[in-house]
Protein chains: 2
Amino acid sequence: MQAKDVILGLLKKKKMSGYDIKKRFEEEFSYFFDSSYGSVYPTLKKLEENDLIKKETIIQEGKPNKHIFSITEKGEKLFEMYLHSEVKRDNIRSDTCMRLYFGEFMDVRKQISLIDNAILQNKKTINKLKQMYVQHNEQMSNTQKISLQIGIEHQRSQAKVLLEGKQKLVNELD
Amino acid sequence: MQAKDVILGLLKKKKMSGYDIKKRFEEEFSYFFDSSYGSVYPTLKKLEENDLIKKETIIQEGKPNKHIFSITEKGEKLFEMYLHSEVKRDNIRSDTCMRLYFGEFMDVRKQISLIDNAILQNKKTINKLKQMYVQHNEQMSNTQKISLQIGIEHQRSQAKVLLEGKQKLVNELD
DNA sequence: CTTATCATGTAACAGGTTACATGATTCT
DNA sequence: AGAATCATGTAACCTGTTACATGATAAG
């Protein structure tokens, strides 16, 4: 799964601009994908060059013209190929887990503050995702709901483990 | 968190070869980090060039000579800097979630088989991680245990959500 | 007999990030 | 007054992947 597959999928649902796409990444995809503008715009350019998407320009004043992209038939076929390709295994990079792994090189107080921060982040993310669920609930497909639920539960389970772990650290502190 | 930080941390615990390091990535780190040989060996080379680690060669027959790396004082300092740097937020790339997001473009049977496969993977990973816990339990630090627990619970929570979601899909099939 | 393990490394390439460049409008 | 939102894009860079190249030994 790469940026191009995801972008093609989004454009299959609805035509939109690079800016819109990036916004989706930050909102709906935040818990399983991310990519920067420096990846979105060049990818759109390449897709257009290969006739996988097409551009429509909307003239605007005070801001750069808006480029609305829509998927072509050729693009739909490529997206179809992605959907039929082998599912890649999840790829997680957790700096938090890494630091816990090397926790022995920090004093206990630092370990605890690391955990506290992580829990705080978890809670923020949970709120954000829950809100998304409430807001988009009705337009979401079954499988979209499952995917969102995975995100929420992932955060919850992490927060739970962290809190329990913290208790043990605190107890040993006395 | 990059390969170099992790490698430095591992070498701080114990001197070892590139091959050993990669093995650790596959075992202990599998649920929050991964990196290929094509990243490990060049990184070791760079670290050595910068006097952050040093090499010791063990002559072997029938296999390439073994290069055992150990961390230098300069390397320890750099690792210390990593430990004091800002914690990066987790980065997850889940092809499974992505496909669930685009589930509406697949027929329900395909959605279900996607879920079944994902659950199977979850279970395999849970077994592997549990085994790791049993085997290394006594040598593991508190925080290492927390980190491993996060991995296990992450898989469990995902499997749970997927199974519940699948039920709904199956029910709607009738 | 075939698979896994041990053991190193390079070259070509892909993919993505960060920082830069620009600037009006709207919300707080 | 200042932050956020809208809106595009490029250039330099970094990091990492895949595939290749080699080959003995041990285990099943």
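The chains referred to below are lettered A, B, ... by the order of the sequence lines, with proteins before strands, and numbering in each begins at 1.
Residue A:K46 contributes atom NZ, which lies 11 Å from atom C1' of C:dC13 at whole-angstrom precision. Rounded to a whole Å, the OH atom of A:Y37 is 19 Å from the P atom of C:dA21. Rounded to an integer number of Å, the gap from B:D5 CG to D:dG16 C1' is 15 Å. Atom-to-atom, CE of A:M16 to C1' of D:dT8 comes out at 17 Å; the value is rounded to the nearest Å. Atom pair A:H67:NE2 and D:dA7:P shows a separation of 12 Å (rounding to whole Å applied). One atom, NZ of A:K66, and another, P of D:dG9, lie 13 Å apart when rounded to the nearest Å. Distance B:R24 CZ to C:dT5 P: 17 Å, rounded to the nearest Å. The NZ atom of B:K45 sits 9 Å away from the P atom of C:dG9 (whole-angstrom rounding).
Cation-pi contact between B:K13 and A:Y101: present, with separation from the ring centre below 6.0 Å and deviation from the ring axis of at most 45°.
We find that B:K46 and B:E49 are not joined by a salt bridge, their nearest charged nitrogen and carboxylate oxygen being 4.0 Å or further apart.
Side-chain N/O atoms of B:Q2 include none lying less than 4.0 angstrom from OP1 or OP2 on D:dC14. A close approach under 4.0 Å does not occur between any side-chain nitrogen or oxygen of B:R93 and OP1 or OP2 of D:dG16. The phosphate of C:dG15 has neither OP1 nor OP2 within less than 4.0 Å of any side-chain N or O from A:S35.
Relative orientation of the A:Y41 and A:Y37 rings is parallel, given thresholds of 30° and 60° on the angle between their planes.
Where A:A3 and B:L44 meet DNA chain C, the nucleotide closest to each residue was compared, and B:L44 sits on the side nearer the 5' end.
You'll find that the side chain of A:S36 is closest to C:dT18, out of D:dT8, D:dT18, C:dT18. Among the nucleotides D:dA7, C:dT10, D:dT17, the one closest to the side chain of B:P42 is C:dT10. Closest to the side chain of A:P64, from the set D:dT15, C:dA7, D:dT8, is D:dT8. The listed nucleotides are C:dT10, D:dA7, D:dT17; the one nearest the side chain of A:Y41 is D:dA7. Looking at the side chain of B:Y19, the nearest of the listed nucleotides D:dT17, C:dT10, C:dT5 is C:dT5. The side chain of A:K23 has D:dC6 as its nearest neighbour among D:dC6, C:dT17, D:dA7. In this structure, the nucleotide among C:dT17, C:dT8, D:dC6 sitting nearest to the side chain of B:S17 is C:dT8.
Using modelled atom types, one finds no donor on one side chain facing an acceptor on the other under 3.5 Å when comparing A:S94 with B:Y31.
With ring centers used as reference points, A:F102 lies under 6.0 Å from B:F79.
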